[in-house]
There are 2 protein chains.
Amino acid sequence: MATKAIFYHAGCTVCVEAEQNVARALDSNRYSVEVVDLGQQKSRIREAEEAGVKSVPALVLDGLPFHINYGAGLDALK
Amino acid sequence: MATKAIFYHAGCTVCVEAEQNVARALDSNRYSVEVVDLGQQKSRIREAEEAGVKSVPALVLDGLPFHINYGAGLDALK
């Protein structure tokens, strides 16, 4: 069964590059990747914070947050 | 044919976590991942810098650098 991976972004250039490269490079047989735009879905900012996400783009894999480069801090999205 | 991806690290805890999660989550049918410990292989620091790597852990995918969380700056490894 595929493990859920969540890629949080905010539509910025850095985010798009990370999504098109890192998020899409994951093994789809093992990971089911959900892409969440926190700029659009502000209701999910809390969930991202609870997973330890401090900035976007970030990938939450097996419950651990991995910040990929730096686009924007979560506070800028609130 | 698999594209080469290079994961640069320096043996730190942040690096090991990123390697065991992000680097190993890549689709091995599409990416052949080489893991380089810059703490041990200082001769490859220049190559990493030329790819745009500023800190470890970092993943270079299709020639683009993606910094994953933050372990150490490259200058600290010289």
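A note on names: the letters A, B, ... follow the listed sequences, proteins ahead of strands, and every chain is numbered from 1. The figures that follow rest on heavy atoms only: side chains count, while hydrogens, waters and symmetry mates do not.
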What part of [X] lies closer than 4.5 angstrom to a heavy atom of chain B: side chain, backbone, both or neither?
| X | answer |
| --- | --- |
| A:Tyr31 | side chain |
| A:Leu61 | both |
| A:Asn21 | both |
| A:Pro65 | backbone |

Chain A contact via B:Asp62 - side chain, backbone, both or neither, heavy atoms under 4.5 Å: side chain
Region of B:Leu64 in contact with chain A, defined by heavy-atom distances below 4.5 Å: side chain
Under-4.0 Å salt bridge between B:Arg44 and B:Glu50: no
Atom CZ of A:Arg46: over 12 foreign heavy atoms under 6.0 Å: no
Contact check, side chains of B:Phe66 and A:Glu17, non-hydrogen atoms, under 4.5 Å: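 Yes, close enough: below the 4.5 Å cut-off.
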Check: B:Glu19/B:Tyr8 side-chain N/O donor and acceptor closer than 3.5 Å: no
Residues that, via side-chain heavy atoms closer than 4.5 angstrom, fall in one hydrophobic cluster with B:Val14: none
Give the table of side-chain donor-acceptor pairs shorter than 3.5 Å for residues 71-78 of chain A, with sequence neighbours excluded, one pair per line with atom names and distance.
unit_1	atom_1	unit_2	atom_2	d
A:Asp75	OD1	A:Lys78	NZ	3.2
A:Lys78	NZ	A:Glu49	OE2	2.7

Pick from B:Pro57, B:Ala18, B:Ser28 with the largest number of heavy-atom pairs that fall under 4.5 Å of chain A: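 Going by pairs under 4.5 Å, I would pick B:Ala18.
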